[in-house]
Undergrad: 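Have a look at this one.
Counting starts at 1 for both ligands and their atoms, following the listed order. These numbers come from a predicted model, not from an experiment.
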Amino acid sequence: MIEVQHLSKAFGEKEVLKDMSVTFEAGKTNLIIGASGSGKSTLARCLIGLVPPDKGVVLYDDRNFLEMSLEERKTIRREVGFLFQGSALFDFMNVEQNVRFPLDMLTDMTLKEKNLRVEEVLERVELSQAGKLFPRELSGGMKKRVGIARAISPNPRYLFCDEPNSGLDPQTSIVIDNLIHEITLEYNTTTLIITHDMNSVIEIGEHIIFIHKGEKCWEGDNDSILETDNQEVLDFVYASSFMKKARKQKPQSEDQGFH
Ligand code: ADP
Ligand code: MG
């Protein structure tokens, strides 16, 4: 669980995060949504210490991150798996080497233990056969799965995913979303997903916060988001033409009922 209490951050005059409080529970997919520039990445950066907030508290399972020494923060960072936008694989390493990289960096496992773990996570993302391939030989969806395998190889308690579906077709996006969701349940990770993707919101939006101009302006789940009358949220949800169409088709008498 990650608890954020009254987090604020300004860059110069510009307040980018305003008194943000939210709890991200373990074993759940927590989605952070909002327009470009609303403060989503800044929130994630504050949580992992890349940006120092001006005010507020960040608790990783009751451990006060912002009060810690740099050395103590490293312990927490080791418990965080990252799935970066665009996968960010090393081109000069094959799949196995990419997935083993965090184990080489973060653990003192023996080579045998590391290779076993690599085998296990590659199997989990259904890429057992792809270990010797290089990133240039993989499709976009396969690269994401390698990225997920690499993120989970050190067995993280917390998993941060920044736009995991960027650049993927809708079907592959659903496969990746479901994989992240299943892994979250299996490993009981506290999973944070920054996304623009309304499909993800509907598919795996167990807990959603909507950020508008640096403020948490709505919180709920994939059912309640379709019933909200918050105008900012509605503008976001119905920005995609598919959702607009779905809305038009709703029966007038039962305005909120299209699940
Ligand atoms: P999002 O991820 O929701 O698109 P960001 O958190 O990246 O939004 O950015 C929120 C706002 O903060 C934007 O207006 C952006 O220009 C500004 N911002 C982000 N990082 C910095 C920085 N290091 N210095 C100055 N302004 C920044
Ligand atoms: Mg961003």
Undergrad: Between V95 and Q97, is the side chain to side chain contact (heavy atoms under 4.5 Å, CB included) condition met? List the steps.
TA: CA-CA 5 Å; V95 166; Q97 290 163 332; over 6 Å; no
Undergrad: Do S200 and N165 meet the criterion of a side-chain donor-acceptor pair at a distance under 3.5 Å?
TA: yes
Undergrad: Quick one: do L192 and I152 end up in the same hydrophobic cluster if we chain Ile, Leu, Val, Met, Phe, Trp and Tyr together by side-chain heavy atoms under 4.5 Å apart?
TA: no
Undergrad: Is L50 atom CG crowded by more than 12 heavy atoms from other residues, nucleotides or ligands, each under 6.0 Å away?
TA: yes
Undergrad: What closest approach, in Å, do R150 and L89 show between heavy atoms, and which atom pair accounts for it?
TA: NH1-CA, 3.9 Å
Undergrad: For the hydrophobic clusters of this structure (ILVMFWY residues joined by side-chain heavy atoms under 4.5 Å, transitively), does one cluster hold both I32 and I204?
TA: no
Undergrad: Going by the salt bridge (charged side-chain N to carboxylate O under 4.0 Å, His left out) test, which pairs reach into residues 86-99, not counting sequence neighbours?
TA: E96-K132
Undergrad: Sum up the protein N, O or S atoms located under 2.8 Å from the Mg ion (ligand 2).
TA: 1
Undergrad: What do you reckon, is CD of Q231 surrounded by more than 12 foreign heavy atoms closer than 6.0 Å?
TA: yes
Undergrad: Non-hydrogen atoms closer than 4.0 Å to ligand 1: which protein residues do they belong to? List them by chain and number, please.
TA: F11, K14, V16, A35, S36, G37, S38, G39, K40, S41, T42
Undergrad: Can you name the residues that form a salt bridge (charged side-chain N to carboxylate O under 4.0 Å, His left out) with R100, not counting sequence neighbours?
TA: D104
